[in-house]
Amino acid sequence: MELKDKIDKENLPKHIAVIMDGNGRWAQKKGNQRIFGHKNGVKAVRDTVEGAAELGIQFLTLYAFSTENWGRPKKEIDALMSLLISTINSETDTLIKNNVRLLTIGDIDGLPVTVKKNLKELIEKTSQNTGLTLILALNYSARWEIVNAVKQIVADNKNEPIDVDEINNEFFEKYLNTADIPDPDLLIRTSGEYRISNFLIWQIAYSELYFTEVLWPDFRRSDLHEAIVDFQRRERRFGKISEQVKKN
Ligand code: FPP
């Protein structure tokens with residue numbers, strides 16, 4: 001029996017988020033430059049997106065470039081931006097063919113003009129697609145997102161004081177980049193690192209966390225299947241006790 005056949009289609013995670021890690025180490029292990037790892041990381045992105053779409057996953061968020069990644073050597077940043085542009089262009093037809101809708105989260109205004117332009121075009125071209133929603137986190141960090149939300153709340157309520165009782169989770173979530181996107185059910189991190197790295201801190205409050213030693217360029221849909229099978233073995237209690245959850 002293949003791993004994929006072990007997946008219960010009735011209990012799929014609606015939203016999977018992925019911290020794609022280990023590109024640099026993968027390349028260095030092979031005696032290559034770090035960017036070779038990023039290039040091969042695109043193959044993993046392609047297979048994971050296809051694998052998620054094929055299963056009927058509704059949302060897939062990939063952490064592609066963090067706010068902190070600007071601190072990397074300029075050569076690597078430039079290569080990552082070029083890779084992003086070439087991937088957007090080479091994958092356009094496949095995304096459309098597979099009914100994938102593209103969205104982004106993060107401070108998109110802070111990205112190079114060409115990246116912004118290409119992203120905007122692809123988002124428009126795929127906006128009517130009804131299958132998987134692929135969300136690229138670009139120039140993203142959770143603390144930036146939360147601070148940005150607070151700034152917007154203050155700006156929106158400049159003229160009259162906000163009613164404190166109006167502020168609750170639902171109110172706040174509307175100001176996050178992920179407004180209208182369900183919280184991730186499953187968060188995957190590759191490369192054997194056990195960290196969240198400023199990713200979706202608010203949204204993963206009740207996500208199941210899955211860590212694998214696999215380096216991102218080696219990650220394939222079979223690894224995604226393994227993570228989902230593991231997820232389906234878990235009991236999600238959301239703060240309640242086991243007996244209460246089993247009743248529902
Ligand atoms: C982490 O590995 C990976 C990144 C910071 C970039 C991810 C980018 C891609 C997979 C390619 C482009 C993406 C898309 C969506 C087209 P690392 O460099 O931190 O690896 P290390 O921890 O081994 O150094």
Side-chain angles (χ1 to χ4, degrees), residues 16-53 59-96 98 100-108 110-112 114-123 125-126 132-142 144 187-200 211-221 223-224:
I16 301 177
V18 187
I19 301 176
M20 310 182 285
D21 196 13
N23 292 354
R25 275 164 287 163
W26 185 89
Q28 278 160 350
K29 263 171 115 181
K30 292 186 169 353
N32 273 297
Q33 303 270 325
R34 295 177 54 83
I35 190 62
F36 181 66
H38 297 313
K39 282 185 181 149
N40 281 276
V42 174
K43 293 181 191 160
V45 168
R46 192 178 299 129
D47 206 60
T48 305
V49 171
E50 278 177 21
F59 297 89
L60 176 70
T61 301
L62 302 178
Y63 204 3
F65 194 86
S66 76
T67 311
E68 288 77 21
N69 286 153
W70 293 114
R72 293 195 176 195
K74 186 176 179 307
K75 195 175 126 198
E76 183 169 340
I77 298 171
D78 290 348
L80 272 169
M81 292 300 148
S82 304
L83 195 56
L84 201 56
I85 297 169
S86 60
T87 309
I88 293 168
N89 291 322
S90 65
E91 299 306 310
T92 300
D93 291 346
T94 318
L95 292 184
I96 294 170
N98 286 301
V100 177
R101 174 174 72 132
L102 183 78
L103 295 179
T104 56
I105 55 171
D107 189 3
I108 302 305
L111 291 170
T114 336
V115 177
K116 264 193 287 194
K117 183 176 162 283
N118 281 270
L119 277 172
K120 195 167 169 261
E121 280 170 15
L122 189 53
I123 288 171
K125 277 188 193 154
T126 62
L132 172 75
T133 297
L134 170 65
I135 304 154
L136 293 184
L138 289 164
N139 196 15
Y140 175 87
S141 82
W144 165 82
L187 171 73
I188 300 172
R189 183 174 189 142
T190 59
S191 90
E193 304 286 358
Y194 296 80
R195 285 192 288 277
I196 298 302
S197 301
N198 216 346
F199 189 43
L200 300 175
F211 299 95
T212 170
E213 296 292 319
V214 175
L215 301 176
W216 180 251
D218 286 331
F219 196 89
R220 289 295 176 271
R221 74 186 75 186
D223 299 295
L224 179 73

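These values consider heavy atoms only, across backbone and side chains, with no hydrogens, waters or symmetry-generated copies. Each ligand, and each atom within it, is numbered from 1 in the order the structure gives.
Residue, atom and distance of the protein heavy atom nearest to atom 1 (C) of ligand 1 are Met20 O, 3.0 Å. Scanning the protein for heavy atoms near atom 12 (C) of ligand 1, the closest one is Val42 CG2, 4.1 Å. Here the protein heavy atom with the shortest distance to atom 15 (C) of ligand 1 is Leu136 CD2, 3.7 Å. Closest protein heavy atom to atom 14 (C) of ligand 1: Leu84 CD1, 4.0 Å. The nearest protein atom to atom 11 (C) of ligand 1, hydrogens excluded, is given as His38 O, 3.7 Å; this is a heavy-atom distance.
Side-chain contact of Arg101 with Thr133: a donor-acceptor pair under 3.5 Å is present, judged by distance alone. Side chains of Arg46 and Thr94: a donor-acceptor N/O pair is absent below 3.5 angstrom, by distance only.
Every atom of ligand 1 with a heavy atom of Trp216 under 4.0 Å away is listed here by number and element: 10 (C). Every atom of ligand 1 is numbered from 1 in the order shown, and the set under 4.0 Å from a heavy atom of Ala64 is 6 (C), 7 (C), 8 (C). Using a 4.0 Å cut-off to heavy atoms of Arg25, the atoms of ligand 1 that qualify are 21 (P), 22 (O), 23 (O). For ligand 1, the atoms closer than 4.0 angstrom to any heavy atom of Asp21 are 1 (C), 2 (O), 17 (P), 19 (O), 20 (O), 21 (P), 22 (O).
Atoms OG1 and CZ, from Thr212 and Phe219 in turn, are 7.0 Å apart once rounded to the nearest 0.5 Å. If you take CE on Met81 and CG on Asn139, they are separated by 7.0 Å, rounding to the nearest 0.5 Å. To the nearest 0.5 angstrom, Asp21 atom CG is 11.0 Å from Phe211 atom CZ.
Counting heavy atoms under 4.0 Å from ligand 1, residue Thr87 touches it through the side chain alone. Neither the backbone nor the side chain of Trp26 has any atom closer than 4.0 Å to an atom of ligand 1 (non-hydrogen atoms only). Proximity of Ile88 to ligand 1, defined as any heavy-atom pair under 4.0 Å, is not found for any part of the residue.
Between Leu80 and ligand 1, no N or O atom pair is found at a separation short of 3.5 Å.
For atom 18 (O) of ligand 1, the choice among Lys29, Glu76, Lys39, Arg72 with the nearest heavy atom turns out to be Arg72. Nearest residue to atom 9 (C) of ligand 1 from Leu134, Asn40, Thr48, Asn23 is Asn23 (criterion: closest heavy atom).
At least one heavy atom of Arg34 sits less than 4.0 Å from an atom of ligand 1. Asn69 counts as a contact of ligand 1, since one of its heavy atoms falls under 4.0 Å from the ligand. The closest approach between any non-hydrogen atom of Ser191 and ligand 1 is not below 4.0 Å.
Considering Glu76, Gln28, Lys75 in turn, Lys75 is the only one that fulfils the side chain to side chain donor-acceptor pair (under 3.5 Å) rule with Gln33.
Cation-pi check for Lys30 over Trp26 is met; the charged atom lies under 6.0 angstrom from the ring centroid and within 45 degrees of its normal.
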Step by step, would you call Leu119 with Leu111 a side chain to side chain contact (heavy atoms under 4.5 Å, CB included)? CA-CA 10 Å; Leu119 277 172; Leu111 291 170; 4.0 Å; yes
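Summarising the local packing, NZ of Lys39 is surrounded by 12 or fewer heavy atoms from other residues, nucleotides or ligands at distances under 6.0 Å.
Between Lys117 and Glu121, at least one side-chain nitrogen of the basic residue sits less than 4.0 Å from a carboxylate oxygen of the acidic one, meeting the salt-bridge criterion.
Residue Leu138 comes nearest to Thr104 through the heavy atom pair CD1-CG2, 4.2 Å, listed as atom of the first residue, atom of the second, then distance.
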